[in-house]
Every structure is written in structure tokens, then in C-alpha cells.
Amino acid sequence: MATLHLIRHGQASFGASDYDRLSERGWEQGRVLGRWVGRHTHPERIFGGELRRHRETIDAMAEGFGDGLPEAAVHPGLNEFDHRAVLEAYRPGCGDPETMARELAKESDPRKAFQHAFSEAIRRWIGGEHEGDYSESWRSFKGRVLAGVEEVIREAGDAKHVFLVTSGGPISVVAQSLLDLDDMRAFQLNEVLANASVSRVLFSGARRSLAVFNSFGHLEGEDPRLVTYR
């Protein structure tokens, strides 16, 4: 059987005007992951989403891996959902980073306040009662991700180790499809996915099996402070 290695991107820049880039810690997470990958396996194909944090995670991995890491192919099916659009539909104005930053600044714990608002926005999106409010519904997102993963597997051909660098949402959708979870339980997986973590799906023909979920021992072994979730 071949292995699809699902990599969540390194820590992005929470609270910055441009969230979609790695923090300094995110870059180090990617380098640590690259060194670990170099010691334990040999990537034959690498795919990533179109987002900057996906590309930068691959670049950081390449720095840690050294020579020999294959050039990554870009696949839009691996993109994360638009969290700003989901927030905007839940509370008009909050999809704008500057507006959200002003609102959060009023809170004693901005991260906790953001997490509460984000969780409620996700519940509304997943609930399916307001699909017309979104450019991409939850159902459409799931379909797009699963179709993208199957395309990646087909494009990988005979490769035995395929790496896919994406975000927490797509990884949760893949886990849901393989574990037969309901929608809310599936999305709760997203809350525990560590940055630069590794999940593995074994595949052969039409067979798909989740073998590992959210492994981040490579980060803990280097420096426990590298384990982050946002």
C-alpha cells in the first residue's frame, strides 16, 4: 500500500493584517518537520494548496530537508475554506481583519473571544440552514476537498510516499470520510490539529484507511514550545 502524508501548515500569523503567512515559529516548525521527514522517509511527490501558508510550509520543509525534496505541485482542491466569509455571514463586519481586531481589542482575552466567535460561525455554516449566505457551503467544501484528494492520488501514479500540505479543515474532512463521523464531530477534529502535524492515509486501489492522525512528536522532541494549534 502507498501512504498519503497529510501535513497541516505551520503556525500562521494570528492577529496580523495578513494572516496567510507563517510566523517565525511556523517557519521553524516547517524546518523541524523537514529534518524529521529526511530521516524517516523519502517523499516522491508533494502537493500543496494555493495559500501562502501552504507554500511557505513547503519552503520551510525544504530548508530542513536539504537537497532532494521534489518540487511541489499546486492543487486548488486542497485549499482551506474561506474563514473570513464564514465569519462575515455570522456577524457582518467581522470578516474584515481590521474590524475584527478592533472588536477583539475590547476583550480581556482576544484569542478566547475569537475562538468563541469562530466556533459559533462554524456551527452556523455547518448547520446547512443558511447555505445561500455562503459562496462555498459546507457540503460543497467537503465535496471539493475529497475530489481534490482523489485527483492527487491519481496524479501521484505509482509513488509510494505522497505528501499533501494543506490546512486543518481539509484534513478533518478526510478523517470524517474515513471514520464516518457526523459533521460537528468532524470539525471538532480541526480544533486539536497541531501546526506541522502529520496524519497518514494508506491507500491501494479504491481502499483508503486512516493509519495515523495528528502526529507531532517530531515537534515535541525538538522543543515542546513548537506545538501550537493556531
Side-chain angles (χ1 to χ4, degrees), residues 6 8-23 26 48-57 74-149 151 164-177 179-195 214 228-230:
L6 300 171
R8 189 189 177 200
H9 62 78
Q11 184 187 58
S13 297
F14 179 85
S17 59
D18 182 9
Y19 169 80
D20 190 23
R21 57 185 175 84
L22 295 190
S23 66
E50 297 175 307
L51 303 180
R52 178 175 175 178
R53 58 189 182 271
H54 299 158
R55 298 194 305 270
E56 289 186 347
T57 298
V74 178
H75 200 299
L78 309 179
N79 289 345
E80 181 65 285
F81 64 91
D82 186 346
H83 74 280
R84 291 181 179 176
V86 170
L87 281 166
E88 183 68 23
Y90 166 67
R91 185 182 299 172
C94 287
D96 175 65
E98 292 184 1
T99 301
M100 175 59 83
R102 287 196 299 269
E103 292 297 314
L104 293 176
K106 302 174 185 177
E107 304 291 338
S108 58
D109 188 338
R111 283 182 177 269
K112 185 175 181 179
F114 175 81
Q115 188 57 48
H116 174 74
F118 186 67
S119 295
E120 291 303 308
I122 290 297
R123 287 181 182 277
R124 185 181 190 275
W125 182 49
I126 287 177
E129 297 177 2
H130 308 279
E131 287 193 354
D133 293 349
Y134 304 97
S135 57
E136 183 177 49
S137 69
W138 168 246
R139 287 192 299 171
S140 297
F141 172 65
K142 290 196 297 181
R144 185 249 294 169
V145 168
L146 295 177
V149 169
E151 288 177 22
L164 191 162
V165 179
T166 181
S167 297
I171 295 172
S172 299
V173 164
V174 173
Q176 176 188 28
S177 71
L179 300 177
D180 195 26
L181 302 175
D182 64 46
D183 288 336
M184 282 310 303
R185 286 185 179 274
F187 206 85
Q188 286 168 358
L189 295 177
N190 193 29
E191 298 177 355
V192 301
L193 274 167
N195 297 114
N214 195 32
T228 62
Y229 299 90
R230 290 290 179 269

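Predicted, not measured: the structure shown is a model, and the values here were computed from it. Start at 1 with the first residue, then count along the sequence.
When all heavy atoms of Ser167 and Glu80 are compared, the closest pair comes out as CB-OE2, 3.2 Å. Contact between Arg124 and Tyr134 at its shortest, heavy atoms only, is NH1-OH, 2.9 Å. For the pair Ala12 and Ser23, the tightest heavy-atom approach, listed with the atom from each and the gap, is O-CB, 3.9 Å. Of all heavy-atom pairs between Leu146 and Ser177, the closest is CD2-OG, 3.7 Å.
Note on ring orientation: taking the six-membered ring where Trp is involved, the planes of Phe114 and Phe118 are parallel (angle under 30°, cut-offs 30° and 60°). The aromatic rings of Phe187 and Trp125 stand perpendicular to each other, their planes meeting at an angle above 60°, with 30° marking the opposite boundary. In this pair, His54 and His9 present their aromatic rings tilted. The plane angle is within the 30 to 60° band.
Taken from CD1 in Ile171 to CG in Leu193, the straight-line distance is 5.5 Å, to the nearest 0.5 Å. Annotation: the span from Glu88 atom CD to Asp82 atom CG amounts to 10.0 Å, rounded to 0.5 Å. Residue His75 holds its NE2 atom at 11.0 Å from OG1 of Thr166, rounded to the nearest 0.5 Å. Distance check: Asp20 CG to Arg84 CZ gives 8.5 Å after rounding to the nearest 0.5 Å. Phe81 CZ to Ile122 CD1: the interatomic distance, rounded to the nearest 0.5 Å, is 3.5 Å. Atoms CG and CD, from Asp182 and Gln188 in turn, are 8.0 Å apart once rounded to the nearest 0.5 Å.
More than 12 non-hydrogen atoms from other residues, nucleotides or ligands lie less than 6.0 angstrom from CZ of Arg144.
With sequence neighbours excluded, the residues that form a side-chain contact (heavy atoms from CB on, under 4.5 Å) with Ala113 are Leu104, Glu107. Applying the ring-ring contact (aromatic ring centres under 6.0 Å, His included) rule to His130 yields no partners; only residues at least two apart in sequence or on another chain are considered. Residues passing the ring-ring contact (aromatic ring centres under 6.0 Å, His included) test with Tyr90, sequence neighbours excluded: none.
Neither side chain, Ser172 nor Gln176, offers a donor N or O lying under 3.5 Å from an acceptor on the other.
At least one donor-acceptor pair closer than 3.5 Å links the side chain of Asn195 to the backbone N or O of Arg230. The backbone N or O of Ala194 lies less than 3.5 Å from a partner atom in the side chain of Asn214, making a donor-acceptor pair. Within the 3.5 Å criterion, the main-chain N or O of Glu50 finds a donor-acceptor partner in the side chain of Arg55.
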Problem set entry | Residue pair Phe141, Ile126: steps toward the side-chain contact (heavy atoms from CB on, under 4.5 Å) verdict | CA-CA 10 Å; Phe141 172 65; Ile126 287 177; over 6 Å; no
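Under the 4.5 Å side-chain criterion, counting only non-hydrogen atoms from C-beta, Leu179 is not in contact with Arg185.
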